[in-house]
Amino acid sequence: MRSSLTPLGPPVSRDRIIATFPKLKEHFHGQVSAACQRRNTGTVGLNLSKVVVVGDLYVGKTSLIHRFCKNVFDRDYKATIGVDFEIERFEIAGIPYSLQIWDTAGQEKFKCIASAYYRGAQAIITAFDLTDMQTLEHTRQWLEDALRENEPGSCFVFLVGTKKDLLSGAACEQAEVEAVHLANEMQAEYWSVSAKTGENVKAFFLRVAALAFEQSVLQDLERRDSSRLQLGTGDLIRTLPETQESKRPSSLGCC
Ligand SMILES: Nc1nc2c(ncn2[C@@H]2O[C@H](COP(=O)(O)OP(=O)(O)OP(=O)(O)O)[C@@H](O)[C@H]2O)c(=O)[nH]1
Ligand SMILES: [Mg+2]
């Protein structure tokens, strides 16, 4: 049965339906599964969760997003001017869910435009080119800039090595060792992908969506719990001791 929160529009495509937690663990958090089963996920199904993709120019940010959202790959380079975004709809544990994926420009001259869009990100994807290790080094700065605009600890961080199709053997292994090392430092999850062949692209974004969804549901439950608590403990109605004074209606208190 579809959720009553399903937004207007056509149903999500079959490959955007996530029933079990992708990669690393099999199940959603117990509270999240229970909330989904009871359709008690508040406004999660109606909100857009923001994902921001950052990294040097030419590393393949736009290509990665286009491969996932449109299933296309363009060999020609067209620099992103400022920012762009795509909205991708999912159905996760039976609940509709949407990601707003922001594609930012890597060119220095657009940095101030792009950084205005970092705020409110639930996930930050820092991308680098596996064939150009300088771009890996620069991910530290990209991440620092993006985190500065967000509450500490509020974002999932991913380090993504792109253009996997261009590397193989020892060179690939060497690049990945360095990347995993940096990912640990950043407390990021590391993925390597190819927008050209599509390798790992869908699995990666499904993982991003599942993590963001789980966090959204938990935050929503917490928010509703705490507002209920505030109502419960609020000193809204005070009882007066039963004296003759207090029994008398105040309007009759004169004379
Ligand atoms: N072989 C290969 N080429 C890729 C891959 N991803 C991107 N490219 C190429 O790399 C170039 C740059 O890709 P973009 O996606 O435009 O790079 P970008 O990071 O968005 O660049 P800016 O918008 O300037 O920040 C293009 O010519 C792409 O075709 C990949 O997985 N494999
Ligand atoms: Mg781009």
Side-chain angles (χ1 to χ4, degrees), residues 15 23 50-88 99-119 121 123-149 155-180 182-183 186 188-208:
D15 67 349
K23 204 184 164 193
K50 186 172 184 177
V51 175
V52 177
V53 186
V54 295
D56 280 1
L57 77 158
Y58 204 75
V59 297
K61 301 177 295 297
T62 303
S63 304
L64 173 64
I65 295 167
H66 284 185
R67 166 59 80 190
F68 179 61
C69 297
K70 305 174 179 174
N71 201 20
V72 295
F73 175 73
D74 188 352
R75 279 178 41 202
D76 299 328
Y77 171 51
K78 287 181 214 80
T80 303
I81 314 285
V83 287
D84 199 356
F85 74 83
E86 297 286 338
I87 290 178
E88 196 58 45
L99 289 184
Q100 187 177 39
I101 306 171
W102 286 84
D103 180 16
T104 65
Q107 284 189 33
E108 195 62 38
K109 63 182 173 188
F110 298 125
K111 212 170 171 183
C112 62
I113 304 176
S115 63
Y117 294 85
Y118 293 166
R119 188 158 305 186
I124 298 169
I125 298 171
T126 47
F128 73 98
D129 181 340
L130 279 161
T131 68
D132 177 356
M133 294 315 274
Q134 261 211 333
T135 64
L136 174 66
E137 194 47 46
H138 295 162
T139 56
R140 292 173 193 272
Q141 190 59 53
W142 285 107
L143 179 61
E144 196 183 309
D145 292 348
L147 287 176
R148 198 179 309 120
E149 300 296 327
C155 308
F156 288 106
V157 178
F158 298 89
L159 179 65
V160 175
T162 60
K163 310 188 187 179
K164 197 166 193 260
D165 57 287
L166 296 179
L167 269 192
S168 59
C172 187
E173 258 171 52
Q174 178 58 30
E176 296 217 296
V177 167
E178 286 183 40
V180 168
L182 184 56
M186 291 173 160
E189 201 173 290
Y190 173 69
W191 284 73
S192 56
V193 298
S194 167
K196 185 176 179 186
T197 64
E199 184 180 350
N200 266 350
V201 172
K202 188 177 140 202
F204 168 62
F205 277 105
L206 294 191
R207 170 92 180 144
V208 174

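Ligands are counted one by one from 1 in listed order, and the atoms in each one are counted from 1 as well.
Looking at Lys111 and Asp145, a side-chain N of the basic residue comes within less than 4.0 Å of a carboxylate O on the acidic one, giving a salt bridge. Taking 4.0 Å as the cut-off between side-chain N and carboxylate O, Lys61 and Asp103 do not count as a salt-bridged pair.
Less than 4.0 angstrom separates some heavy atom of Thr80 from each of these atoms of ligand 1: 22 (P), 23 (O), 24 (O). Each of the following atoms of ligand 1 lies closer than 4.0 Å to a heavy atom of Gly106: 22 (P), 25 (O). Taking every non-hydrogen atom of Ser194 and a distance limit under 4.0 Å, the qualifying atoms of ligand 1 come out as 31 (O). Near Leu166, meaning under 4.0 Å from one of its heavy atoms, ligand 1 places the atoms 1 (N). Every atom of ligand 1 is numbered from 1 in the order shown, and the set under 4.0 Å from a heavy atom of Asp165 is 1 (N), 2 (C), 30 (C), 31 (O), 32 (N). If you number the atoms of ligand 1 from 1 as listed, the ones under 4.0 Å from a heavy atom of Asp74 come out as 28 (C), 29 (O).
Residue Arg140 is tested with Glu137, Glu144, His138 for a side-chain hydrogen bond (donor to acceptor under 3.5 Å, both in side chains); the sole match is Glu137.
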**Message:** For Phe204 and Phe158: C-alpha separation, side-chain torsions, deciding distance, then whether ring-ring contact (aromatic ring centres under 6.0 Å, His included) applies.
**Reply:** CA-CA 10 Å; Phe204 168 62; Phe158 298 89; 5.4 Å; yes

**Asked** Checking side-chain contact (heavy atoms from CB on, under 4.5 Å) for the pair Asp56/Asp129: CA distance, chi angles, key distance, verdict?
**Response** CA-CA 9 Å; Asp56 280 1; Asp129 181 340; over 6 Å; no

**Request:** Might you work through the side-chain contact (heavy atoms from CB on, under 4.5 Å) test for Lys196 and Arg67, ending with a clear yes or no?
**Result:** CA-CA 8 Å; Lys196 185 176 179 186; Arg67 166 59 80 190; 5.6 Å; no

**Message:** One pair to check against side-chain contact (heavy atoms from CB on, under 4.5 Å): Glu189 and Arg207. What are the steps and the verdict?
**Reply:** CA-CA 10 Å; Glu189 201 173 290; Arg207 170 92 180 144; 2.9 Å; yes

**Item:** Verdict with supporting geometry, Ser192 and Glu176, side chain to side chain donor-acceptor pair (under 3.5 Å)
**Value:** CA-CA 8 Å; Ser192 56; Glu176 296 217 296; 2.9 Å; yes

**Message:** Quick one, Val54 with Tyr118, criterion side-chain contact (heavy atoms from CB on, under 4.5 Å). Give me CA distance, side-chain angles, the key distance, then yes/no.
**Reply:** CA-CA 9 Å; Val54 295; Tyr118 293 166; 3.6 Å; yes

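For CZ of Arg148, the number of neighbouring non-hydrogen atoms (other residues, nucleotides, ligands) closer than 6.0 Å is greater than 12. At most 12 heavy atoms of other shown residues, nucleotides or ligands fall within 6.0 angstrom of atom OH in Tyr117.
Thr80 places no side-chain N or O within 3.5 Å of a backbone atom of Val83 that could act as its donor or acceptor partner. No donor-acceptor pair closer than 3.5 Å links the side chain of Lys164 to the backbone N or O of Ala195.
Checking Asp84 against Trp102 by side-chain atom types alone, no donor-acceptor pair falls below 3.5 Å.
Among protein heavy atoms, atom 24 (O) of ligand 1 sits closest to Tyr77 OH, 2.5 Å. The single protein non-hydrogen atom nearest to atom 17 (O) of ligand 1 is Gly60 N, 3.1 Å, given as residue, atom name and distance. Annotation: atom 20 (O) of ligand 1 to nearest protein heavy atom, Thr62 OG1, 2.8 Å. Nearest protein heavy-atom neighbour of atom 7 (C) of ligand 1: Ser63 OG, 3.2 Å. Looking only at protein heavy atoms, the nearest one to atom 21 (O) of ligand 1 is Tyr58 N, 3.0 Å. Protein heavy atom closest to atom 19 (O) of ligand 1, with residue, atom name and distance, is Lys61 NZ, 2.8 Å. Of all protein heavy atoms, the one closest to atom 10 (O) of ligand 1 is Lys163 NZ, 3.2 Å. Closest protein heavy atom to atom 3 (N) of ligand 1: Phe73 CZ, 3.6 Å.
Residue-level proximity to ligand 1 for Arg75 is carried by the backbone, the only part with a heavy atom below 4.0 angstrom. In Ala79, the parts holding a heavy atom less than 4.0 Å from any atom of ligand 1 are both the side chain and the backbone.
Residue contacts with ligand 1 leave out Thr162, since none of its heavy atoms falls under 4.0 Å from the ligand.
Of the inter-residue distances, the one linking Thr104 atom OG1 with Leu57 atom CG reads 11.0 Å to the nearest 0.5 angstrom.
The distance cut-off of 2.8 Å around the Mg ion (ligand 2) captures these protein N, O or S atoms, sorted by chain and number: Thr62 OG1, Thr80 OG1.
The minimum heavy-atom distance linking Phe110 with Ala105 is given by the pair CB-CB, 3.6 Å.
Residue contacts with ligand 1: Lys164 is placed with no nitrogen or oxygen under 3.5 Å of a nitrogen or oxygen of the ligand (distance criterion only). Taking distance alone, with nitrogen or oxygen atoms compared against 3.5 Å, Ala105 stays at or beyond that limit from ligand 1. For the pair Ala195 and ligand 1, the shortest N or O to N or O distance falls below 3.5 Å.
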